[in-house]
Amino acid sequence: MTDNTQRPDSGHDSTPELPTQYTPAEVEGELYERWVERGYFEADAKSDKPPYTVVIPPPNVTGSLHLGHAFEHTLIDALTRRKRMQGFETLWQPGMDHAGIATQNVVERELAKEGKSRHDLGREAFVERVWQWKGESGGQISGQMRRLGDGVAWSRERFTMDEGLSQAVQTIFKRLYDDELIYRAERIINWCPRCLTAISDIEVNYQDDDGELVSIRYGEGDSSIVVATTRAETMLGDTAVAVHPDDERYRHLVGTEIELPLTGRRIPVVADAHVDPEFGTGAVKVTPAHDPNDFEIGQRHDLPAIAVMDEHAVITVHGPFLGLDRMEARSAIVAALRAEGRIVAEKRPYVHSVGHCSRCNTTIEPRLSMQWWVKVAPLAKAAGDAVRDGRVAIHPQEMEKRYFDWVDNLHDWCISRQLWWGHRIPVWYGPAGEVVCVGPDEQPPSGEGWHQDTDVLDTWFSSGLWPFSTLGWPEQTESLAKFYPNSVLVTGYDILFFWVARMMMFGLYAMDGTPPFHTIALHGMVRDQFGKKMSKSFGNAVNPLDWMDKYGSDALRFTLARGANPGVDVPIGEDWVQGSRNFANKLWNATRFALMNGATVQGPLPAPERMSATDRWILSRLNTVVAEVDAYYDDYQFAKLSDALFHFAWDEVFDWYVELSKTTFQAGGEAAEVSKRVLGEVVDVTLRLLHPVIPFVTETLWTALTGRESVVIAEWPQDSAFRDAAAEAEIAEVQRVVTEVRRFRSDQGLQPGQRVPARLTLAGTLLAPHEDAIRQLLRLQPEGEGFHATATLPVAGAIVALDLSGTIDVAAERKRLTKDLGLAEKEKADTTGKLGNEAFLAKAPEPVVAKIRARLSTAEADIARITAQLGALPEA
RNA sequence: GGGCGUGUAGCUCAGCGGUAGAGCGCCGCCCUUACAAGGCGGAUGUCGGCGGUUCGAAACCGUCCACGCCCA
């Protein structure tokens, strides 16, 4: 790794020329390429530094960078850049997942344009075609991550379909199979009739749709029962009607058979405790092959399951409805029933919750089918326990509840997909009904009648292995030994159930009970500037690349970081990005000022005795901020740390320290030399503190200031423990007097630049050493001959007398003073009231009482001062 | 239906038991030699409603109202 020492050619005899405005677009790309070339982001498994490992929840190979990625990556990049500066061997692992359904969809659409389907190509050629697509147009996000500045170890980039990761998949499948945690079973699954595959429960989105609720009379006369349904087409597959066992209305019918309309079939009436007697008529139709609840009722009562649709959700039952799509069939069947006089009631629209495919939004068709499953109970138990017993921490902690609710109530996970793109299930079937699961080092059985399962595995089956498969598992690699477990997983709370739970289950299982990460840091969703969800259809989605082009990557990153409160959604608007750009520009110009005035980082800091109170104040504050920022980082409080740095840099360093130092630099001499070193220190440390969040502008400025190689490999600042409360109090007085007099000047309508003769009486106050600076900041001239004070402002024990040449706006001044007097009197009344309350005096802690006493005496002093000033004003 | 969460300045949000804050926006003055992507000054809130606990409540408890999210 490169040594971060002074470059020989970077003497400070000549000040580097910086333009007056910062143009990010000119430098960002070049800086990033330099960082990568120099290998700053690579991680060495042989290093003796302590490891810090983060995996990116692998983005989808079909995707491109959106604000959600930009947000998450900003947080991860900030964490890892700081750790790298702190001397950790830092690995941020990049890569993508193969996104089975999404990718297959993309390539099938391409084929469709050529008038072909995947079946025209055949499986092998199709998969070949997908690889070709991936090579040409997949993985755009990798390039876009460079734009953002992500410090990832590119040489380690992985893809879930890589050879090594596929080995990992086969290995864990075999182990789980041998442990009887993977099994094959026929159940009702979520079927997408467009994607033509099963999907898992969490890939189904429920939304309220307008449907119809139709009440149908089954049977005849006294033995008829009315059932209500939103899915009339499934009645063709009904094999029972169910009622609650305690329901008096139907007790006499339980055990009898009634006729199922349109079919001529007779079906039993069964009693099942799961039927809600309060809902509708209290009787439900039972279609075991097309509804998960009905399937269970069917199991309990040994009912046949009659499938009435094919994989496209087209009716397969012979008769007038054969070949109709499920929606067409619904209308046709309702019409036929109506013609028979069997429709008792119709409610339309009937709003109810309907499942949709999260990939294509097609309505899910529950379907009875043979699939592969993971038995999650023992795995989920372990995943829950790891958090319960504190081996894994969730930030913010409130999110633990959601995690437990989820892992403690997990259903078995359907992992087989009827796709061609993905990891093919390593199970072979033999001619005599043999089933053989094949491990990665084994030869699959061959010969007459043997064939491999045609399904592939859920993409999450492979991305769940990501925290260790990327490190070479199942091989016992150096990287695995060095970098597992990961330090932290940073991801959105919406992903808790997707990747997080799976990574936890697989990590604990595969790595002998070692969880995949110590900490799960959850962030919110990016929203627009009004807090609305971003969506293409709503038209408020933003392409982060546009904002990066316009304002720079740093501006986007800083805006996102400033909004990042743990687990809370972050709104973002262009105005705010602009504000962040302005901050970067301010930083730029402040550093320019420092360079123009000879700020230096050479040599040790002067001893405190040699420094002015101003120097000691800013160093005291600087160290306080270092400590604050560290605490916020350790608690994943990105908004807080960004805000602390923003305010320290702008409100304290730029607005006050830099302004105060101007007087020092003008005067020259020893004090100026000391301040040059202090200013250099303050800017240097501030840039290093900001670097993890805004890497580009800080790199440019820091290298210009220090002449060193790169801030990426600079040391993270440490709190030197230097504090100077006296200096802080002294500068607070300076700020107070300057602000007071500025306010007076503004009220009096004086132009900011207008020089005013003044007499300052500062003797005996903390302000005495600061007369020059105060005069400079307030544009006060020395009192010349014929000085005549027309306004006298007592503040902080000092007196500032101004000669406004006899003209002062008495009305404006009286108005202001009256307002201040009112505030002071209210303060006096409030505090007097509290101090007159014996219960308060008896029960409130002493520091609080002391504080109230201090406020009272301040208020009284203010009242005396202001009253005197008002008395001294000429009559209007 | 079950669970979680949120209502604080025009907007977006911090604060979570001891003087109501920030960013952006707004008003006024200013191109003061680092910066107009800037400087200085200013205005703005019965902290959703009602009860309670407390010496003291934006904060804690109860309740109501209004939103939002997740799960079924």
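Letters go in sequence order (proteins before strands), and every chain restarts at 1. Computation of the quantities below employed the complete heavy-atom set of this structure, encompassing side-chain atoms and omitting hydrogens, waters and symmetry-equivalent molecules.
Taking atom OH on A/Y632 and atom C1' on B/A14, their separation rounds to 10 Å, with Å as the unit. Taking atom CG on A/D276 and atom P on B/G2, their separation rounds to 13 Å, with Å as the unit. Look at CD on A/Q754: it is 12 Å from P on B/C31, rounded to the nearest Å. If you take CZ of A/R745 and C1' of B/G41, they are 11 Å apart, rounded to a whole angstrom. As a whole-Å value, the separation of A/W576 CH2 from B/A22 C1' is 12 Å. Between the P atom of B/U33 and the CZ atom of A/R592 lies a distance of 12 Å, rounded to the nearest Å. For A/L410 and B/A72, the CG to P distance is 11 Å, given to the nearest whole Å. Atom OH in A/Y403 sits roughly 25 Å away from atom P in B/C69 (whole-Å rounding).
Nearest nucleotide to the side chain of A/M596, out of B/G23, B/A34, B/U32: B/A34. Comparing B/C13, B/C35, B/G23 by their nearest atom to the side chain of A/H647 picks out B/G23. Of the listed nucleotides (B/A14, B/C71, B/A22), B/A14 has the atom at the smallest distance from the side chain of A/V568. Counting only heavy atoms from C-beta on, A/R562 has its side chain closest to B/A22 among B/C35, B/C70, B/A22. When each of B/A14, B/C24, B/G3 is scored by its nearest atom to the side-chain atoms of A/D405, the top-ranked nucleotide is B/G3. Nearest nucleotide to the side chain of A/K851, out of B/U19, B/C24, B/A34: B/U19. Minimum atom distance to the side chain of A/K819 is reached by B/G42, of the listed B/C40, B/C30, B/G42. Among the nucleotides B/G23, B/U32, B/A34, the one closest to the side chain of A/V658 is B/A34.
A distance of about 48 Å separates the C1' atoms of B/A43 and B/G2, rounded to the whole Å. Across the C1' atoms, B/G15 and B/G45 are found 15 Å apart, a figure rounded to whole Å. For the C1' atoms, the distance from B/A9 to B/A20 is 10 Å, rounded to whole Å. Atom P of B/A36 sits at a distance of 40 Å from the matching atom of B/U19, rounded to the whole Å. Only the P atoms considered, B/C65 is 23 Å distant from B/A58, to the nearest whole Å. B/C60 and B/A14 have their P atoms separated by 14 Å, given to the nearest Å. Spacing of C1' atoms, B/A59 relative to B/G1, comes out at 32 Å, to the nearest Å. Atom C1' of B/U33 sits at a distance of 26 Å from the matching atom of B/G28, rounded to the whole Å.
Using a 4.0 Å cut-off between charged nitrogen and carboxylate oxygen, A/D405 and A/K401 do not count as a salt-bridge pair. With respect to A/K550 and A/E574, a salt bridge is recorded, a charged nitrogen being found less than 4.0 Å from a carboxylate O. The pair A/E825-A/K828 does not meet the salt-bridge criterion, since no charged nitrogen lies less than 4.0 angstrom from a carboxylate oxygen. Under 4.0 Å is where a charged nitrogen must lie from a carboxylate oxygen, and between A/E365 and A/R231 at least one such pair does.
Between A/R755 and A/W650, the residue anchored closer to the 5' end of RNA chain B is A/R755, taking for each the nucleotide with the nearest heavy atom. Comparing A/Y206 and A/N597 by the nucleotide of RNA chain B that holds the closest heavy atom to each, the one mapping nearer the 5' end is A/N597.
In this structure, A/R581 fails the cation-pi test against A/W576, since its NZ or CZ atom is not both closer than 6.0 Å to the six-membered ring centre and inside 45 degrees of the ring normal. Under the 6.0 Å distance and 45° angle rule, A/R562 counts as a cation-pi partner of A/F646.
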Let's test your reading of the pairing rules: Watson-Crick or G-U wobble, both distances under 3.5 Å, then write RNA chain B as a dot-bracket string with ( ), [ ], | and dots. ((((((((.[[[[.)..(..]]]].(((((.......))))).....[[[[[..)....]]]]]))))))).

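For the pair A/W191 and A/I364, the minimum side-chain heavy-atom distance is 4.5 Å or more. The shortest distance between side-chain heavy atoms of A/L856 and A/T832 falls below 4.5 Å.
Within the 4.0 Å cut-off from OP1 or OP2 of B/C4, not a single side-chain nitrogen or oxygen of A/R402 is found. Side-chain nitrogen and oxygen atoms of A/K640 include none within less than 4.0 Å of the OP1 or OP2 phosphate oxygen of B/A22. For B/C30, the OP1/OP2 oxygens have a side-chain nitrogen or oxygen of A/Q751 closer than 4.0 Å. For A/K532, no side-chain nitrogen or oxygen approaches OP1 or OP2 of B/U12 to under 4.0 Å.
Side chains of A/S580 and A/T559: a donor on one and an acceptor on the other come within 3.5 Å. Defined by atom type and a distance below 3.5 Å, a donor-acceptor pair is present between the side-chain atoms of A/T23 and A/E26. A donor and an acceptor atom, one from each side chain of A/T663 and A/D772, are nowhere located under 3.5 Å apart.
Note on A/E398: nothing from the nucleic acid sits closer than 4.0 angstrom, heavy atoms only. Using a 4.0 Å heavy-atom criterion, one finds that A/P752 contacts the bases of the nucleic acid, with or without backbone contacts as well. A/Y493 comes within contact range of no nucleotide atom at all, as no heavy-atom separation falls under 4.0 Å. Using a 4.0 Å heavy-atom cutoff across all strands shown, A/N565 reaches sugar-phosphate atoms only and no base atom. Using a 4.0 Å heavy-atom cutoff across all strands shown, A/E400 reaches no nucleic acid atom at all. Residue-level contact check: A/R742 touches the backbone only, with heavy atoms under 4.0 Å from sugar-phosphate atoms and none from bases. Among the protein residues, A/T739 comes within range of the sugar-phosphate backbone only, with heavy atoms under 4.0 Å from sugar or phosphate atoms but none that close to a base.
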With ring pair (Phe, Tyr, Trp, His ring centres under 6.0 Å) as the criterion, how do A/Y493 and A/H523 come out once you've worked through the C-alpha distance, each side chain's angles and the decisive distance to 0.1 Å? CA-CA 6 Å; A/Y493 59 72; A/H523 59 71; 8.1 Å; no

Please step through side chain to side chain contact (heavy atoms under 4.5 Å, CB included) for the pair A/R367 and A/N190, ending with a clear verdict. CA-CA 6 Å; A/R367 187 160 199 252; A/N190 303 296; over 6 Å; no

Step by step, work out the side chain to side chain contact (heavy atoms under 4.5 Å, CB included) result for A/I188 and A/D291. CA-CA 7 Å; A/I188 296 275; A/D291 182 281; 5.9 Å; no

Would you mind building the protein contact string for nucleotides 52-62 of chain B? One character per nucleotide, 5' to 3', B for base within reach (heavy atoms under 4.0 Å), S for sugar-phosphate only, - for untouched. ---B-------

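Classification of the A/F654-A/F583 ring pair by plane angle, with boundaries at 30° and 60°, yields tilted.
Of all the residues in residues 580-590 of chain A, A/R581, A/N582, A/N585, A/K586, A/N589, A/A590 reach under 4.0 Å from RNA chain B with at least one non-hydrogen atom.
Contact of A/Q21 with B/A36 (side chain to base): no donor-acceptor pair of N or O atoms is detected under 3.5 Å.
Judged by distance alone, with hydrogens and angles left aside, the side-chain atoms of A/R779 form no donor-acceptor pair with the main-chain N or O of A/V756 at under 3.5 Å.
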